[in-house]
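Structure first, commentary second.
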Amino acid sequence: MPGFLLKRILQSLVLLLIVSVIGFVVLNLLPGGPLAQFGLDSSITQADLDRLREQLGLNRPLYVQYLDWAWRLLQGDWGHSFRDGAPVLEVIARHLWATFLLMGSSTIIAVSIGAWIGIRSATHRGSTFDYAATVGAMIALSIPTFWFGLVGIYVFSLKLGWLPAGNMYTIGDETVLDYLHHLILPSIVLALVHVAIWSRYMRSATLDVMNQDFVKTARAKGLSERRILMKHVVGNALLPMVTLAGIQLPSVLTGALVTETVFTWPGMGRLFLDSLGYSDYPVVMGLLMFSAILVIASNLIADIAVALIDPRIRLA
Amino acid sequence: MTSATLSQPIRERWWRSRTTRRFITNKLAMFGLGMIVLLVLACILAPHLLPYGSLDIDLRARFAPPFTGYHFFGTDPLGRDVAARLFEAGRISLAVGFSAMLLSTIIGTLVGVIAGYRGGWIGSVLMRTVDGFLSFPSIFLVLALAAALQPSAMMITIVIAATSWMEVARIVDAEVRSLREREFVQAGRMLGLSGAHIMFREILPNALGPIIVAATLTVARAILMEAYISFLGYGIQPPLPSWGNMLNGAQQYLGSAPWLAIIPGAAITIAVASFNFIGDGLRDAFDVRSDGH
Amino acid sequence: MTPQYQTDGATGPALSVRGLTIDLPKDMERRHAVEDISFDLQDGQILCIVGESGSGKSVTANTIMGLLPSSIRVSAGEIHLGGAEAGELIGAAPATLRNLRGRVVSMIFQDPLSALNPLMTVGEQITEVLTAHGVGTREWQRARVIELLTEVSLPDPQLMYHQYPFRLSGGQRQRVMIAMALALEPKILIADEPTTALDVTTQAQILHLIRDIQRRKGMSVMFITHDFGVVAEIADSVVVMEKGRIVETGSADAVLKSPSHPYTKRLIAAVPALTGENRAAASNAAPEPIIRVEGLGKTYRIGSALFGGEYLVKAVQDVSFEIGPGRTLGIVGESGSGKSSLGRLLVKLQDGNGGRILFEGRDIVPLSDAEFRPLRPKIQMIFQDPFASLNPRSTIGHILTVGPVAHGMDYPKARKEAQALLSHVGLDAGAFERYPHEFSGGQRQRIGIARALMFKPKLLVADEAVSALDVSIQAQILELLDQIQRETGVSMIFITHDLRVASQICDEIAVMQKGRIVEQGPPSQIFLDPRSAYTRELVDAIPGRMPAEARLSALN
Amino acid sequence: MTDKTPPKSGLSRRSALRLMAASGLATFVAPHFLGGAAFAQEDREPKGRVVVGMSQEPTVFNPLMVHNEVDDAVHFSVFDALFRIDPDGVIQPNLAAEVPSVENGGISEDGLNWRVRLRDDVKWHDGKPFTAEDVKYTLELIVDPKFLSWRTGGHSLVRDLTVVSPTEITWRMESEFAPYLAFLAETFMVPKHILGAAEDPNTAPFNQSPIGTGAFKWSNRVPGDRVELVANEDYFGEGPFIEELIFKYIPDMTVLYTQFQSGDVDLVDQSYITPDHYAEAKELPDRTVTLEPGSSIEGIFFNLERPQFKDPAVREALYAALDRQSIIDGIYYGVGTMTETFMPPLSYYYDPDLPKQEFNLDKARKILDDAGWVPGSDGIRAKDGVRLAFANSTTSGNHLREQVQQYMQQIYREIGVEMTISNLPPAVMWGDFWTKSQFDTAMSGVTFLIASDPDVTNRFASTSSAAKGGQGSNTMQYSNPRVDELLKEGRGTFGQEERKKIYTEVQQIIREDLPFLPIFAYTVVMGRKSGLEGFKFNPNTRTPSWHAAAWSWKD
């Protein structure tokens with residue numbers, strides 16, 4: 001187990017290196033750059049722009065900039081935002097919880113509803129429920145998230161007036177209830193696709209397990225169907241789901257990013273789009289590294305969780 | 001020697017194969033196929049049949065709601081016919097979806113086959129690169145690339161392909177890895193066939209099922225991706241309509257002209273769902289374990 | 001059909017099946033899984049149901065347990081349970097069936113690994129049977145499980161209780177399954193090919209255990225198998241099935257000694273008998289060996305040196321032998337003995353580390369892939385799995401010609417030779433255009449042999465070439481190989497786990513254990529006068545060393 | 001994203017030089033609106049909260065650091081400059097006790113030696129007194145090469161900064177620079193005792209929780225969402241009358257409008273109300289929605305080094321084929337003022353008598369025909385192997401501009417001109433692509449004046465083109481020797497009337513040369529709750545929240 005951990009962490013570091021190189025190169029492919037935001041400002045002259053470029057170190061060769069950035073990162077210095085001069089980690093941390101709130105609530109919705117639909121579909125294979133779940137999941141997977149958000153706003157905010165059109169809270173009314181009220185629409189929008197994904201995977205995992213010999217053994221023992229489902233099927237079917245949860249994280253992040261733009265949610269997604277718009281390299285790179293670390297860490301945690309649950313790995 | 005006479009088996013043609021039969025008996029898949037055929041036909045024919053061109057600006061007829069005169073889907077902020085634009089856009093969106101699928105499938109298949117068959121450090125490097133790409137929120141790569149390149153239908157296609165080949169690569173890699181251990185591949189080596197021959201002539205045809213399924217789903221994803229990119233303004237540039245950029249301006253008029261958002265969004269959903277139905281049908285058809293519907 | 005056979009002094013059948021017909025889903029090859037079958041399982045007896053794959057024997061067993069998948073259903077007949085819990089099983093309420101399962105009727109399966117839940121300990125899984133039927137307190141249950149584990153002779157039952165299935169060997173797992181099946185002392189035990197997945201020595205132990213327990217408890221056992229050797233070992237009575245029908249029933253003695261139905265006769269005849277006779281030399285060629293192996297070794301590294309947890313598996317250690325032209329060397333061993341690794345080393349599908357392989361006097365071990373390529377035509381291989389060894393997307397023609405064409409033969413010539421070879425191995429020349437899935441397993445294995453012969457090789461390595469086939473087909477393929485060797489004078493290395501098969505075709509047999517050759521000699525020595533304890537153990541474990549007269553009468 | 005809205009560098013103010021002449025008077029007759037002391041006796045208790053909605057997020061709170069116009073709203077509320085420009089374009093004293101002028105001796109006759117007297121009753125938010133040391137520190141920090149300062153123009157000419165007393169500071173200018181007074185009105189003072197003590201002013205904690213002298217004190221920031229300020233009860237000037245001032249970031253302009261409509265937002269700052277909502281907004285109950293003159297000009301900017309634009313006839317024809325009335329009425333909902341020049345309509349120097357453009361396709365065709373641009377087989381005109389085809393670029397995602405582009409595209413096609421649309425994300429569009437003149441044509445809203453001075457050397461002098469190694473913003477690469485001459489003359493001329501003559505001629509030549517095609521002068525739709533009193537729009541600043549100190553809620 002420690003050997004396995006060490007190996008995974010080393011692999012992760014290599015992955016991070018790859019991610020950072022890809023990110024840095026792609027980012028610097030963008031013409032323009034962080035100073036473009038002043039291009040229209042009548043009072044900033046080319047001389048000022050040249051001065052700033054030099055001060056920010058943007059006139060150095062790309063590899064020097066990368067090495068400098070990477071070296072600082074290794075020392076724990078994520079750099080400072082070009083836009084507000086704040087340390088990148090602090091900038092990210094300030095947007096973190098809004099995103100986590102959204103991702104968390106939608107994940108809870110997605111996992112609980114998705115798992116329920118998936119198990120029910122598998123145990124009622126071929127039923128109307130199964131069929132409806134299959135069709136529903138595929139349609140849900142086909143709806144563009146941002147469009148679903150727009151339609152949601154149109155129906156529930158503009159027409160019915162039940163739910164707010166955006167934002168995380170009403171200024172002056174920052175009660176838990178108020179937050180929840182604002183959370184409903186975006187988290188449902190974000191959850192939609194993932195309910196579909198979870199239900200599909202849960203269904204096939206459950207079916208896989210149900211076809212295994214040990215389920216037959218359990219039946220031959222005279223166990224009740226309920227016990228077979230709860231003790232033998234669900235446990236084994238959830239095992240690959242843990243891994244899936246890790247793998248799904250980037251897509252949840254992407255979804256959160258899109259959802260945040262539609263619902264003007266002050267999270268990392270919006271920070272990302274804004275920073276990209278301003279070519280705030282340190283923040284964009286920071287966000288990339290952060291999300292990559294998040295993804296890698298969650299995969300690692302998923303693997304460890306699987307290892308802890310699965311005696312074949314835990315004790316091997 | 002014992003006689004081992006060949007019991008005359010019926011020659012199987014592909015259209016009579018079990019896979020085909022499973023597929024055509026899959027109602028959803030056939031529905032999806034039907035929708036795609038209809039959509040493609042509509043996109044080809046509608047611009048010739050509708051009374052308005054997709055670029056005819058008429059500032060006096062702005063924001064006409066659906067079914068105003070011959071504007072069946074209404075008009076947009078420049079008074080252009082939404083129906084004409086929708087089907088014109090369909091050409092672009094579907095073309096982008098298809099070409100992106102082709103491109104990413106080719107890239108993904110190449111990478112996957114080589115990584116899966118060669119294994120070792122080549123495989124590791126290739127698949128770690130795939131992992132690297134997959135560790136980003138894909139929208140980042142897409143946006144950054146789209147922003148870096150001059151937007152055009154071809155560039156968008158390349159951008160989408162460049163960011164969606166990893167899925168195919170993973171599927172092919174896994175498939176090839178398992179096929180590599182099959183005895184017929186060992187037999188190929190035993191016969192002294194070259195690596196390239198074994199990879200592309202012996203193994204690849206056996207991985208076609210999953211590749212076709214992945215490709216179908218990639219079309220769906222590519223259409224969605226084009227919509228995202230164009231929605232965010234980095235994609236297909238006006239006046240060329242695409243489903244995504246039709247939605248782009250629509251958010252602003254959600255209250256006053258909701259059809260501008262609803263119609264192209266519905267078109268995207270229908271097209272993507274149809275491809276998903278087909279992909280799912282194909283998956284069921286290729287998967288010997290499943291019973292289909 | 002009525003049962004023709006009753007044991008004397010029987011108290012009536014524990015289970016009787018009458019007129020059972022089970023439908024298959026549409027578009028399968030045949031309409032019924034089993035058709036109008038009737039038989040009785042007598043109280044306190046072992047009934048063997050024998051048949052080749054697809055004969056409907058497992059479906060029958062699952063029907064009795066009420067474990068049929070929903071796509072398959074019983075269309076006629078009844079299954080009557082005798083004894084204290086007498087009742088009709090077909091159409092019984094699910095709750096009734098559930099109550100009977102595990103308590104009155106138990107079952108064990110073929111693959112003991114997948115039959116156990118990987119996430120639960122052995123103890124938990126056995127306890128579940130007791131809990132499900134509401135028997136005993138927790139303490140009592142625990143004591144009972146330990147008692148059961150002891151009863152099936154598992155080592156250290158206290159420890160075993162907390163063990164997860166993956167830690168156990170195949171034989172131990174099957175013992176756990178038996179313990180589980182016995183937990184509530186059922187009247188009837190259904191064993192569905194319980195020894196097929198096991199090595200021959202383990203198989204013997206499990207058979208012994210089942211017979212032993214059956215005798216002690218007076219259980220009725222329905223034992224499903226494809227191997228008449230097993231029948232001879234344990235059966236009281238026999239039911240022979242072919243394609244969903246019963247072709248013969250009777251006492252074990254009667255059926256083995258004087259089978260009446262031609263299918264039964266064929267089956268019995270096809271069971272390779274252990275011959276202690278040496279094979280007549282195929283040729284009297286010079287003793288100059290085709291291939292000489294000296295001190296060959298292969299070590300696998302598992303895990304990683306960098307991160308710890310690395311350990312070495314010595315698959316092949318210091319193996320030496322040689323084969324003369326036109327001779328056959330059998331390599332025999334249980335799973336994990338290294339025999340397959342050895343096969344791969346010989347055809348250079350893997351690289352060895354240590355030792356030499358002198359082929360026609362030249363060491364092929366240090367050759368690179370490219371250097372070895374010109375030599376490949378001379379060393380060919382026949383693979384184990386006729387379904388996996390042919391590319392499903394290629395025509396037979398392509399499969400046969402692609403190799404020679406790659407080595408420079410022009411296509412028309414290759415095509416002509418392929419067609420000639422096809423008829424030589426007993427296939428229609430029309431097979432050339434067809435795809436593998438249009439052929440049966442035996443036919444495919446012939447194609448595999450034809451492919452290997454396309455090059456007119458000097459050495460054929462056959463890796464478990466018949467073990468995936470039904471016994472009747474096995475015999476045909478062995479005959480074909482024998483014939484080919486006589487015609488072409490090719491040397492063969494025949495790798496198998498089945499001593500009986502080896503005895504049929506080999507001039508010399510090498511017995512492998514843990515990567516080493518423990519004994520090598522002609523069949524007469526191996527079977528009649530084994531020098532190593534391990535060989536003796538292997539020979540002793542061969543099920544149902546069938547009386548010679550049984551074979552004789554079957555052949556007549 | 002920098003350009004979701006047309007920039008509103010509100011610099012339509014009267015000449016600084018004119019003010020230098022007049023400020024002596026101005027100091028005495030300043031309207032009490034800004035007098036501070038005049039209102040002091042009212043001394044109302046601040047109450048209530050104002051939520052200002054903005055579509056970009058303020059992120060830079062150190063007013064000296066390089067920042068965007070979005071940050072101004074916060075700077076104006078937290079900090080004070082030495083002077084302040086009022087809505088009429090008059091420079092008023094703020095931290096300074098008076099506006100220095102030649103008349104009052106604050107500026108020497110040659111314009112090189114400056115003396116500024118400061119108020120003695122100003123305290124920083126932490127209670128420390130504001131002194132001349134702070135001014136010295138501020139002016140020195142701006143030109144510190146290690147400091148990421150905003151513009152250094154003007155400040156780099158300052159020499160010999162001397163603190164005479166806590167309330168008096170003097171310096172010498174390296175060369176005369178007339179607009180400096182106006183520049184100082186946008187130069188906010190920072191506390192030496194805090195920022196000067198920091199290890200690195202670029203990353204000092206001060207930058208995230210600034211301390212100023214302004215009417216509002218820093219309270220809290222929820223990044224990505226809002227900045228909260230609270231009333232500074234010890235403010236030396238008038239106000240504040242509200243207790244809490246919140247700048248709320250709502251990135252989507254439709255949502256911003258919706259929140260204005262619903263009352264979540266009390267006042268719409270930069271980005272304002274989009275023109276398409278104007279008609280609806282002005283009918284809203286309890287909302288005051290007004291049209292205010294902006295200072296930017298929306299136009300099509302040529303890259304004059306492109307061969308097809310070297311022919312003046314082409315530019316003239318393209319102007320004739322520009323259907324400005326339809327664009328303003330149809331696409332911009334009638335919000336916007338027709339103009340023929342770069343000079344903001346409110347400017348003293350604005351020339352109303354320039355020739356009026358007339359939309360006439362026949363005329364456009366004729367001009368091109370006469371100039372020898374004949375249609376080729378594809379219907380596109382060409383001359384000497386140069387096709388009359390070009391790309392037009394602007395910020396992608398700006399829907400109104402995209403509509404204008406598509407409309408123009410269609411019309412240009414009718415006169416045999418091919419215009420393609422190639423829009424770019426803001427970080428690309430306004431980078432080298434714009435500043436180094438890599439575009440064919442660009443559609444943009446540009447503010448031509450710097451700090452209210454009519455001097456446009458930066459935009460039109462042939463030496464100001466970065467693509468040719470210059471240091472200005474002449475991205476059109478415009479070059480006209482006569483204009484160069486006039487601009488030079490204008491910088492050296494002090495009399496207002498004389499200058500007006502010079503800049504009128506400049507406007508005439510530029511109208512003639514058409515280096516850019518003006519579409520309209522911006523008009524902004526200002527919206528606020530009707531109960532919000534004391535609000536005044538100031539076209540001379542870049543933010544409507546330039547003087548939140550005066551705001552109050554009607555009882």
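Computed from a predicted structure; not experimentally measured. Just so you know, these numbers use all the heavy atoms, side chains as well, and skip hydrogens, waters and symmetry mates.
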Per side-chain contact (heavy atoms from CB on, under 4.5 Å), D:Ser444 is matched among D:Phe301, D:Phe439, D:Phe516 by D:Phe301
Heavy-atom contact with chain A under 4.5 Å, split by part of [X]:
X	result
D:Tyr249	both
D:Ser149	both
D:Glu57	both
D:Pro145	backbone
D:Lys146	backbone

How far apart are the closest heavy atoms of A:Phe82 and A:Ser279, and which atoms are they?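 Distance-wise, the nearest heavy atoms are CD1-O, 4.1 Å.
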Heavy-atom pairs under 4.5 Å with chain A are the metric here; pick the option from [options] that has the most.
options	answer
D:Leu424, D:Asp432, D:Thr59	D:Thr59
D:Met65, D:Met429, D:Gln438, D:Arg221	D:Arg221
D:Thr203, D:Val428, D:Asp71	D:Val428
D:Thr152, D:Ile250, D:Val60	D:Thr152
D:Ser262, D:Pro58, D:Gly431	D:Gly431

For the pair D:Arg542 and D:Asp72, find out whether any cationic side-chain nitrogen is under 4.0 Å from an anionic carboxylate oxygen.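 Yes, charged N to carboxylate O under 4.0 Å.
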Would you mind checking which part of A:Leu49 comes under 4.5 Å of any heavy atom in chain D, side chain (CB onward), backbone (N, CA, C, O), both or neither? side chain
Side-chain heavy-atom pair [X], [Y] within 4.5 angstrom cut-off:
X	Y	answer
A:Met268	A:Leu253	yes
A:Leu183	A:Leu102	yes
D:Val227	D:Ile246	no
D:His155	D:Leu184	yes
D:His75	D:Glu186	no

